[in-house]
Number of protein chains: 2
Amino acid sequence: MTVGIRHDDLRRRNRGMVIAAVRRDGQPSRTEIAATTALSHSTISAIAADLIAEGVLAESRPAEVAALKRGRPQVAVGLNPEAATIVAAVLSLNSLSASLIDYSGVTMREERRKLATLDLSREALIAETIAVVRAVVAGRDTRRQPLLRIVLAIQGITDFAARTMLWSPITPHGDIAFSDILQAEFGIPVTVENDCNMIAVALRWRNPERYARDFIAVLLSHGIGMGMVLRGELFTGTQSSGGEFGHMIHRPDGALCRCGRRGCIEAYAGNYAIWRNAHGIREDSVVADDISDGDIQALADAARAGDVAAREAFRIAGEAIGFGLGSLFALIDPAPVAIVGHGALAFDLIEGPMRGAIARTAGGQHSGAISFDTVPDEMPLIREGCTMRALTFVDQEIFASGGVGRAGVALPPSLA
Amino acid sequence: MTVGIRHDDLRRRNRGMVIAAVRRDGQPSRTEIAATTALSHSTISAIAADLIAEGVLAESRPAEVAALKRGRPQVAVGLNPEAATIVAAVLSLNSLSASLIDYSGVTMREERRKLATLDLSREALIAETIAVVRAVVAGRDTRRQPLLRIVLAIQGITDFAARTMLWSPITPHGDIAFSDILQAEFGIPVTVENDCNMIAVALRWRNPERYARDFIAVLLSHGIGMGMVLRGELFTGTQSSGGEFGHMIHRPDGALCRCGRRGCIEAYAGNYAIWRNAHGIREDSVVADDISDGDIQALADAARAGDVAAREAFRIAGEAIGFGLGSLFALIDPAPVAIVGHGALAFDLIEGPMRGAIARTAGGQHSGAISFDTVPDEMPLIREGCTMRALTFVDQEIFASGGVGRAGVALPPSLA
DNA sequence: AGGCTTTTTTTCGAGCCTCGAAATAATTAA
DNA sequence: TTAATTATTTCGAGGCTCGAAAAAAAGCCT
């Protein structure tokens, strides 16, 4: 069943730990790495020497602000930007973008395109995706900075192996094996990730203090998404990307949801639901798919100006989210929550009813203590999450194994 | 942050792996252990020799049915029953029991007591618990079979460290630090675990095929409990024993729950709720705490005989559980479910409405494929779960480290 | 300026651990 | 009785981490 630890695993893991420490801390000295990993100085010295010889890390003696301390100054090691490149691509409603990122995490080039995703054929959507990646990787020096990984974030559901987009609201076509398609095209490993999961990943890199072992990111947009980190690990479903918070049931057999079922949280708190309620449209009618962020912004302004119907629509949305979080908290205990996406701009209208609902649930015993953070613009987070996802893959799955490559030469992707 | 792997960890982990393989497989040969752990024969040989010398394992050459194969016969190794003992104790409504178990998992002695837990003072409850453990460990040969671990299962909520019973329906007293109390009394490590979590642990040992990486155990009794295994690990809350499925919200601001809040699943599917609905009592009235399993049995019989109100009460219960599972499945994807406890005897009345509700949720896309199992008597499961919890602790936290003890002498508990 | 102190990093030998190959052990088949 | 077969142990090689000592690279002090 569970597999024993072999002798060579040990080195691999400790190399991975060193790389992770450098990526986290930026420019740590060997001594600092030894402290954070609890490995001995000798071991760190040996591993660091190997990694530098392989071109993964590089010494950077920028003297810094120059520590005015007594003894031999620490010499900082950092990630060698030229060790690799990765592509972080994001496919969302009517928009497709890709970024080429170097190994240290710096964006080298970026491509963004508007396209009518809902109207595109399956083939056209795939072709556009390939094209935008091709555009961003074109013309770089393939010898010195090999492309080692592509991560594509999508709105919607992926399979557990992160290889196939099972379903997405941005296109009528499902079961698109982006992973295999891009892999065939570019010859390197590719994963397809849920956008909310990438948001969670990014939040942790941005603010590891607040978003540490357990937290939740809720994306309020046309639909409702969620990314969760529990026990320090991204929590996904057992067979899919999971975390379909928006489709937990708020009111059994209640309002009609975009997914065709009834009573989902999204059917009360998604943009279209808020619009439907604010305009007094029946709960069981289908609403056009093109309620824009601007429409919601206008509704929020109306609500703030005293429009009763609009105010009530946001109240209903807040309550739905609150009861949903309360049910979730009953299972996993309360955790910090980030409200991400355009909906965060109406958080002032939502927060009260939401906290009120949470307080009426089992998870709400300390509802006053649950802290919410808002990040209105989700796209940078999604890009960052993809970037870190791809880079840590390279760190752990390629460079941690190391060994085979000559000095300065990255491993062929086939080893990944 | 994350800590590097040292050289000695390696041995400890591989020893743990060998012990685990023996506990799982019963009487494997060294060759079989090598196969399941993917370690080399030499390594297994060395580790097995150590463990046998330490008295943890023992060769058992019972010839068995004697394999009629050609070469040298395999020699089976098994757990040495005399390596240790543990106590598995269960505190539930009006009942307290403790079992003394040897290292191979065989029950040596058992004590069961009836007591009116709701009426006992905090001190009396603690005293009774200590007494029942003392009774069961009394008079054994402490030299040869050291007592290394006590696990106490309770109905209710514990803290994350499994040291304190935070709240329980069986007593008005909360925040009882059973762990510290028993530890002070018996001088060995003690944990306090939620009963439903122990049920989940036990199910996995009983049927590892069906209850493998991901599954759910729902306890239907006076209240509604849940134990969940995700990714092969018991899933608990981040700060408590978690999994308070019964207090997810079924209908916002709905029926009055025993917890004082409104609309919890339990307020529709707990014994008291079924009784309340069957008797046409208002949803917001408090029901006596002493609805017995017999009362529910009688209601179930009435429902089967055509009593409309009773039938409707079970329908409501099934629907509440179904929507709850559906919401849960939206987050984690469907998984096998075991319905445990007396309520399983009315599963025929519950199943239809429950499946109907699940089918109307996002998790229900394949609701027909979700399989349910029923186990009416939960007590044996809880005992088994505690037992395995305690034994695997001894396996991994005490014997896997090994080393210090002389041959045949178990380690002192202080090392735990 | 030159020696001294302090701190960081590298070097070196010791001690474990796992592995593969070879040796040994315990049976059955012929 | 011998050969064949399978299981287990033994043995030497190769890796890895560790602690201690050495080397390196400063600042401090007279």
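Sequence lines set the chain letters: A, B, ... in the order given, protein chains first and strands last, and positions in each chain run from 1. Side chains included, hydrogens not; waters and symmetry mates left out as well; all remaining heavy atoms used.
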Measure [atom1]/[X] against [atom2]/[N] and give the value in whole Å, please.
X: Arg30(A); N: dC18(D); atom1: CZ; atom2: C1'; value: 18 Å
X: Glu32(A); N: dT8(C); atom1: CD; atom2: P; value: 9 Å
X: Glu59(A); N: dT8(C); atom1: CD; atom2: C1'; value: 12 Å

Check side-chain hydrogen bond (donor to acceptor under 3.5 Å, both in side chains) between Asp102(B) and all other residues, then give those that pass, not counting sequence neighbours.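 Listed in chain order: Ser104(B).
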Identify, with sequence neighbours excluded, every residue that meets side-chain hydrogen bond (donor to acceptor under 3.5 Å, both in side chains) alongside Gln396(A). none
Go along nucleotides 16-24 of chain C 5' to 3' and tag each nucleotide: B for a protein heavy atom under 4.0 Å from its base, S when only backbone or sugar atoms are that close, - otherwise. BBSBBB---
For residues 227-239 of chain B, tabulate all N or O donor-acceptor pairs below 3.5 Å that involve a side-chain atom, not counting sequence neighbours.
{"residue": "Arg231(B)", "atom": "NH2", "partner": "Thr236(A)", "partner atom": "O", "Å": "2.5"}
{"residue": "Arg231(B)", "atom": "NH2", "partner": "Thr236(A)", "partner atom": "OG1", "Å": "3.3"}
{"residue": "Arg231(B)", "atom": "NH2", "partner": "Gly237(A)", "partner atom": "O", "Å": "2.8"}
{"residue": "Thr236(B)", "atom": "OG1", "partner": "Arg231(A)", "partner atom": "NH2", "Å": "3.3"}
{"residue": "Thr238(B)", "atom": "OG1", "partner": "Ile332(A)", "partner atom": "O", "Å": "3.1"}
{"residue": "Gln239(B)", "atom": "NE2", "partner": "Pro334(A)", "partner atom": "O", "Å": "2.9"}

OP1, OP2 of dT6(D) versus side-chain N and O of Thr31(B): anything below 4.0 Å?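 Answer no for this pair, as no side-chain N or O of Thr31(B) is under 4.0 Å from OP1 or OP2.
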Side-chain (Ser45(B)) to main-chain (His41(B)) donor-acceptor, under 3.5 angstrom: no
Where at least one partner belongs to residues 27-41 of chain B, residue pairs that pass salt bridge (Lys or Arg N to Asp or Glu O under 4.0 Å), sequence neighbours excluded: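 Applying salt bridge (Lys or Arg N to Asp or Glu O under 4.0 Å) to every pair that reaches into residues 27-41 of chain B, excluding sequence neighbours, yields Arg30(B)-Glu59(B).
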From the options dT10(C), dT5(D), dA26(C), select the nucleotide whose nearest atom is closest to the side chain of Pro73(B).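 Closest nucleotide to the Pro73(B) side chain: dA26(C).
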Report the residues that fulfil ring pair (Phe, Tyr, Trp, His ring centres under 6.0 Å) with Phe186(B), sequence neighbours left out, ordered by chain and then residue number. none
